[in-house]
Number of protein chains: 2
Amino acid sequence: MPDGAPLAILLSIGTEILLGEIVDSNAAHLAGELARLGLDLRAVRQLGDERATIAAAFGEARAAADLVIASGGLGPTHDDLTREGLADALSETLTPDENLEEELRRRFAAYGPMPTSNLRQALRVPSAHALPNPIGSAPGWWVDRDRSVVVLLPGVPAEMRRMWTEQVVPRLESRFALRPLHVRTVKTFGIGESAAAEALEGLLDAPGEGIAAGIYARDDGVHLRFSTRDDASMLDGPVDRSRQLLGEHVYGTDQETLPLVALSALAAHGVGSLASVESGTAGALLAILAEANGSPVTYAGGVLIADGHDSAVAPSADAVLRLGLLPQDAHGRSRVQVSVDGATLLPPTETRIHGSGPQRQRRAAFAALDTVRRALG
Amino acid sequence: MPDGAPLAILLSIGTEILLGEIVDSNAAHLAGELARLGLDLRAVRQLGDERATIAAAFGEARAAADLVIASGGLGPTHDDLTREGLADALSETLTPDENLEEELRRRFAAYGPMPTSNLRQALRVPSAHALPNPIGSAPGWWVDRDRSVVVLLPGVPAEMRRMWTEQVVPRLESRFALRPLHVRTVKTFGIGESAAAEALEGLLDAPGEGIAAGIYARDDGVHLRFSTRDDASMLDGPVDRSRQLLGEHVYGTDQETLPLVALSALAAHGVGSLASVESGTAGALLAILAEANGSPVTYAGGVLIADGHDSAVAPSADAVLRLGLLPQDAHGRSRVQVSVDGATLLPPTETRIHGSGPQRQRRAAFAALDTVRRALG
């Protein structure tokens, strides 16, 4: 993050988070968004539904950051106290907003009478500007006072994300002088994280002036991530160098995905429609193929064969991708058998993966697609 | 949480969390564990890999809580600064621990020479007791000083969870006077969250003295959760009352799952083996059936038919469960068609679900299992 980027703090509010009842996916989403926009996120704090705690957290965060974003605690019930907490921190008083009340009544008209508890959602402090929520009853707030901005967002992820994109991002872009982040990603499969780092000969430690580099192990392989707030073309160098050094392990960059690269390779060999047969994977391969939007190959469907049942009839298609995931050995490795029949495009091939649980199953599916990509790409 | 429970604060350390690169699932796991054990989690703080920030966070957390648990930042590289931050907060000095060094060298012996950077993982402050990490290179720390306990855990989830269970939980149980939480869960399908709350006639608001109640919408239906730190048998009342009031919507309690309840109903009707055929779901049903451990019915496998392909041969079995998920209507509802053929156990039946994305697909699969459970249970 460059010097001078505005500082941000996130507050995730809800006792259910502190009880471990839900994973706070909002924080991760907003953190990624802030990085992209060019704000420097200093801390995330998760706190329970307690008015004094919330007020203190807003007070501290406003003193430390240019932007405070809070999600959660905007519901209609007595334990939704984010509005009250912020009002206390601002020493302002909550009063009913007639427009918000009318909006709420209109919203409920279709369903019958509005519970009176929902009127709490029409309360507002004088310095708050309400942010409409087209898909829920909790309006958000935008408060710009004393040189810091506080944004309140609903905790329901779909409502939060839509309000963020439509209402908050444009306001942030005009309120702060931001230098957005340019990002390039190089995607590999078949090489481990430390082996990839070694093969890159120090590129990750010194990707160039003004460029940040990261390496991440995902189910679909090890990804390299280069980013800068300067000129986007500065990233071409490290991207090209990575491709050179990692060679055949690289299957794509940026928006390219392993399923689409593998399916495109099949299409280039004349495959118009594909079916799949798999075992040991709980259907990981067919789930990935069914969700591969934009594929040049029609997916006809897939079969999961349960353990100990060794035959199945695949849906009819030009080619059938077969995957068998065998049990783990003592070193945690699993054998993965892959073939493509129909046009005998890929004779039975074996590869190995690491991992356990659902991750192991998804990795086996990606290993099958990688095998296809290497053989036919 | 009862008065007098020890107070806890969690610190999740890692710049990758603040960049939104990873979801902090450790915090949710530890939060659930703390609630179960009887510790009162006051806040979770996520912070970046900055020595001064980490030191300040440890200082504040130690002043405010009886127990501070930090995960992340124990790796070998220069940006792993949790050890340094805590040493600063304690005003203690890091020195090499010979036993830890030997342990690390033994660990690396199988792989070749140990990178010198890993020696950082053998550093320790005098008041820290090292916690062994049998599956990774980062040892944990247990620091009991000045009436508060600080625990350092590795950030890798598998390493963190194992160290937590094997090393930390027993120490917490002997260090603090804890009153563990007793929990009962009532599981429903086919009724919404607010409709369930209404049918429960105030039971959730007043579940009884010393009892907490919660309601959660999950893919496998709405769950009610009753908990107490007093006598476990106190929970029988609200559990029985919920069953009474919610009637046929209740499919089980506690460890009972919708797949196992549905499969048991099929077994009771003489089904020894089952296959599945589904469409519109990206394989959600076969994934659930493949993972249903302890089923009295053998799962022979399943077929996903892609959109527009309307026939398939199911793996051979006593009965075939068929599921079709149709597109969403303007109100966000989807039609779900379910049947069980083979023994014509369940004629084609239609139900409706709400939701979008992968959640909608999993809900359709659970709706199919619920349809079976209601018809045959």
Side-chain angles (χ1 to χ4, degrees), chain A residues 10 12 16-25 27-36 40-48 53 57 158 214 216 225 275-276 279 281-284 286-291 298-306 308-309 311-317 356 358, chain B residues 10 12 16-25 27-36 40-48 53 57 158 214 216 225 275-276 279 281-284 286-291 298-306 308-309 311-317 356 358:
Chain A
L10 284 184
S12 295
E16 69 275 23
I17 301 172
L18 295 187
L19 290 173
E21 295 290 346
I22 60 166
V23 175
D24 181 15
S25 61
H29 179 76
L30 290 171
E33 284 283 293
L34 290 171
R36 182 180 67 76
D40 185 358
L41 179 60
R42 304 304 295 173
V44 180
R45 300 189 177 188
Q46 301 173 329
L47 39 150
T53 306
Y216 305 97
R225 184 177 180 278
S276 63
S279 62
T281 51
L286 60 83
I288 290 167
L289 290 172
E291 304 283 23
T298 301
Y299 184 52
V303 179
L304 169 71
I305 307 174
H309 298 248
S311 75
V313 180
S316 81
S356 57
Chain B
L10 285 183
S12 294
E16 70 275 25
I17 301 171
L18 295 188
L19 290 173
E21 295 290 347
I22 60 167
V23 175
D24 181 17
S25 62
H29 179 77
L30 290 170
E33 284 285 290
L34 291 170
R36 182 181 68 77
D40 186 358
L41 179 60
R42 304 304 294 174
V44 179
R45 297 189 180 188
Q46 301 172 329
L47 37 149
T53 306
Y216 304 97
R225 185 178 181 277
S276 63
S279 62
T281 52
L286 61 83
I288 290 167
L289 290 172
E291 303 283 23
T298 303
Y299 184 51
V303 179
L304 169 71
I305 307 175
H309 298 247
S311 75
V313 181
S316 83
S356 57

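Per chain, numbering begins at 1; letters A, B, ... match sequence-line order.
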Checklist outcome for this item: From the list A:E291, A:E21, A:R42, A:H29, the residue making the most non-hydrogen contacts under 4.5 Å with chain B is A:E21
Checklist outcome for this item: Scored by heavy-atom pairs under 4.5 Å with chain B, the best of A:S276, A:G214, A:A28 is A:A28
Checklist entry - What residue among B:L289, B:V303, B:L304, B:L286 forms side-chain contact (heavy atoms from CB on, under 4.5 Å) with A:L304? => result B:L286
Is chain B contacted by the side chain of [X], its backbone, both, or neither, given a heavy-atom distance below 4.5 Å?
X: A:S279; value: neither
X: A:E33; value: neither
X: A:Y216; value: side chain
X: A:R225; value: side chain
X: A:L18; value: both

Checklist entry - What closest approach, in Å, do A:G20 and B:A31 show between heavy atoms, and which atom pair accounts for it? => result N-CB, 3.5 Å
Checklist entry - Which answer fits B:T281, side chain, backbone, both or neither, if we ask what part of it has an atom under 4.5 Å from a heavy atom of chain A? => result neither
Next on the checklist: Please classify the contact of B:A27 with chain A as side chain, backbone, both or neither, using a heavy-atom distance under 4.5 Å.
Outcome noted: side chain
Checklist entry - Is there a side chain to side chain contact (heavy atoms under 4.5 Å, CB included) between A:V23 and B:V23 once you walk through the steps? => result CA-CA 8 Å; A:V23 175; B:V23 175; 3.6 Å; yes
Next on the checklist: Counting heavy-atom pairs under 4.5 Å with chain A, which one of B:A300, B:G32, B:G301 comes out on top?
Outcome noted: B:A300
